[in-house]
K.L.:
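I have a structure here, written as structure tokens, and I will follow up with some questions on it.
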Amino acid sequence: MRKIPAAKISDTTAELCARANIILRKDVLVLLRSARKKEKNGLAAAALDAILENARAAAAERTPLCQDTGLPYVFLEIGQGVLITGCRLDAAVNNGVKRGYAFASCRQSVVSHPLSRSGSSYVPAVIHTDIVPGSKVRVTVFPKGFGSENKTGLKMFRPTESGDEIVNYVVSCAAEAGADACPPYIIGCGIGGGADTACLLAKKSLLRDVRKRSPDRLLRKMEKEILRKVNRLNIGPMGLGGGCTALAVNIEASPTHIAGLPAAVNISCHALRSASAVI
Amino acid sequence: MRKLLTPLTKDKIAGLKAGEQVLLSGIIYTARDQAHKLIAAALSKGGKPPVELSSCVIYYCGPSGTPEGKVIGSCGPTTSSRMDAFAPLLLEAGVSAMIGKGGRSDKVVREIKRRKAVYFITYAGCGALLARTVRKAEVIAYSHLGPEAVYRLEVEDFPLIVAIDSSGRKLKGF
């Protein structure tokens with residue numbers, strides 16, 4: 001067994017929280033720059049310029065890209081040959097989130113009770129763990145803004161329905177989001193599993209490089225089709241119109257039951273933020 | 001680009017057209033979900049809101065933490081439609097402009113027209129950039145709400161786009 005102190009995971013989490021909130025992902029930046037080059041609508045071009053300038057301002061001034069520093073999601077892929085020593089893993093992760101968020105002057109956006117709305121804080125983070133082969137731990141921090149999270153959709157399709165119906169559903173979710181969730185969007189989709197699997201896959205799909213299409217032929221075709229249709233909605237950057245409503249569509253799939261076909265949509269704003277490290 | 005100074009009185013708003021870009025300087029107040037709930041509760045009971053709402057500019061924003069040596073942290077707009085239920089009451093109390101992101105309900109559009117107010121959007125997801133236009137920031141009410149407290153912001157050349165003008169004309173999609 002390879003021993004990894006929980007404190008090491010905590011420190012890594014702290015570092016990733018600061019990085020994710022301040023430095024825009026390079027893959028997202030590349031797509032934003034290319035969208036700006038193609039943009040012909042004056043107001044939309046000004047909005048894309050502001051987005052690119054904001055990424056420079058955040059990095060230069062060590063300020064979060066967005067005031068909504070999200071509900072912190074932490075994904076841990078833990079090698080089965082690893083023994084985590086020291087304190088409890090969840091405590092280590094939350095301690096790391098607290099330190100990283102405080103260091104980066106993030107917002108305390110988490111309320112401890114969903115109805116009483118009491119006590120805003122940086123934590124608890126939503127922690128997902130996967131046990132994987134090997135002797136390493138991969139930590140991924142994904143601060144998920146809630147303007148876009150509020151536009152999440154889940155639909156349980158009949159197993160006899162086709163990919164086309166799912167494509168139209170995803171497009172309708174983007175249309176429904178309109179300008180509310182900070183377009184241009186990156187649209188995450190999860191298909192298959194149970195309802196919870198589909199939702200989690202939709203979120204995880206946003207962690208994939210947005211320049212890369214799915215290796216699966218069927219999913220790749222759907223990704224392209226959804227992007228083409230969403231970009232005909234004429235929502236545009238910040239709702240100002242034009243052909244740039246989404247930058248990319250990422251779909252992940254999982255085996256499912258003979259009786260069902262769950263599909264979930266998890267939209268990200270243009271400030272798609274995440275950071276990863278391997279210990 | 002048109003430059004405007006607060007307070008935004010009706011005469012300054014009357015000439016604005018949907019789609020127009022504006023640079024705003026002066027005093028604006030942040031208020032989002034929970035602050036709206038409290039202000040609306042105060043108004044419906046005939047109480048006094050924590051801010052003089054006449055000709056006031058309300059910014060739907062909850063800033064991130066203030067880094068040491070800075071005036072304010074990241075401070076972009078939040079989704080305006082969540083404030084739609086409260087907006088008519090605030091407009092009735094004299095609020096002349098709202099700043100946020102995204103569309104508004106038909107009812108809010110009608111109220112904007114009726115009260116000769118204006119709805120602006122600003123660059124969403126660009127909080128680090130917008131922070132550069134803030135000269136002063138202080139919490140003036142509901143400090144227990146943390147990031148949802150009411151902040152008084154002194155801004156200089158804060159960038160806006162008219163999304164719904166005082167005659168109820170809308171930028172397409174809003």
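Bear in mind the structure is a predicted one, so any value in this text is a computation, not a measurement. A note on names: the letters A, B, ... follow the listed sequences, proteins ahead of strands, and every chain is numbered from 1.
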K.L.:
What pairs of residues pass the salt bridge (Lys or Arg N to Asp or Glu O under 4.0 Å) test when at least one of them lies in residues 85-107 of chain B, not counting sequence neighbours?
P.N.:
B/D84-B/R104

K.L.:
Is it true that, when you exclude B/R114 itself, more than 12 heavy atoms of the residues, nucleotides or ligands shown sit nearer than 6.0 Å to its CZ?
P.N.:
no

K.L.:
Looking at A/H270, A/E61, A/E53, A/Q67, which makes the most heavy-atom pairs under 4.5 Å with chain B?
P.N.:
A/Q67

K.L.:
What part of A/N21 gets within 4.5 angstrom of chain B, counting heavy atoms only: side chain, backbone, both, or neither?
P.N.:
neither

K.L.:
Are more than 12 heavy atoms from other residues, nucleotides or ligands located less than 6.0 Å from atom NZ of A/K151?
P.N.:
yes

K.L.:
Between B/G100, B/C61, B/G62, who has the most heavy-atom pairs with chain A when the cutoff is under 4.5 Å?
P.N.:
B/G62

K.L.:
Could you pull out the closest heavy-atom pair between A/C182 and B/A124, with the gap in Å?
P.N.:
SG-CB, 3.3 Å

K.L.:
With chain A, which of B/G146, B/A163, B/G76, B/S80 has the greatest number of heavy-atom pairs at distances under 4.5 Å?
P.N.:
B/G76

K.L.:
Chain B heavy atoms under 4.5 Å from A/A46: which part of the residue, side chain, backbone, both or neither?
P.N.:
both

K.L.:
So for atom NZ, which belongs to B/K70, do other residues, nucleotides or ligands contribute more than 12 heavy atoms lying within a distance under 6.0 Å?
P.N.:
yes

K.L.:
Could you report the tightest heavy-atom contact between B/Y123 and A/A47, atom names first, then the distance?
P.N.:
CE2-CA, 3.7 Å

K.L.:
Does atom NZ (B/K116) have a neighbourhood of more than 12 heavy atoms from anything else shown, all under 6.0 Å?
P.N.:
yes

K.L.:
Is B/E68 paired with A/R62 through a side-chain N to carboxylate O contact shorter than 4.0 Å?
P.N.:
no

K.L.:
Which residues in residues 236-250 of chain A have a heavy atom less than 4.5 Å from any heavy atom of chain B?
P.N.:
A/M238, A/G239, A/L240

K.L.:
Please answer whether the main-chain N or O of A/N234 pairs with a side-chain N or O of B/K172 as donor and acceptor at a distance below 3.5 Å.
P.N.:
no

K.L.:
Is chain A contacted by the side chain of B/T66, its backbone, both, or neither, given a heavy-atom distance below 4.5 Å?
P.N.:
backbone

K.L.:
Quick one, A/R56 with B/L129, criterion side chain to side chain contact (heavy atoms under 4.5 Å, CB included). Give me CA distance, side-chain angles, the key distance, then yes/no.
P.N.:
CA-CA 9 Å; A/R56 282 188 287 270; B/L129 185 65; over 6 Å; no

K.L.:
Just how far is it from atom CD1 of B/I72 to atom OG of A/S105, taken to the nearest 0.5 Å?
P.N.:
12.0 Å

K.L.:
Side chains of B/T79 and A/D180: donor-acceptor distance under 3.5 Å anywhere?
P.N.:
no

K.L.:
Counting only heavy atoms not in B/Q21, do more than 12 fall under 6.0 Å of its CD?
P.N.:
yes

K.L.:
A side-chain contact here means heavy atoms from C-beta on lying under 4.5 Å apart; do A/S120 and B/P147 qualify?
P.N.:
yes

K.L.:
Using heavy-atom distances under 4.5 Å, tell me whether B/C126 contacts chain A through its side chain, its backbone, both, or neither.
P.N.:
both

K.L.:
Can you tell me which of A/T69, A/I22, A/L43 forms the most heavy-atom pairs within a distance under 4.5 Å of chain B?
P.N.:
A/L43

K.L.:
Report yes or no: does B/S74 contribute a side-chain atom to a donor-acceptor pair with the main-chain N or O of A/P64 at less than 3.5 Å?
P.N.:
yes

K.L.:
Select one option (side chain, backbone, both, neither) describing which atoms of B/P67 are under 4.5 Å from chain A's heavy atoms.
P.N.:
both

K.L.:
Is the closest basic N to carboxylate O distance between B/E148 and A/R117 below 4.0 Å?
P.N.:
no

K.L.:
If you count every heavy atom of other residues, nucleotides or ligands that lies below 6.0 Å from A/F103 atom CZ, does the total exceed 12?
P.N.:
no

K.L.:
Sort out for me which of B/A131, B/G125, B/S64 touches chain A most, counting heavy-atom pairs under 4.5 Å.
P.N.:
B/S64

K.L.:
Of all of A/A58, A/G147, A/C106, which one pairs up most often with chain B through heavy atoms under 4.5 Å apart?
P.N.:
A/C106

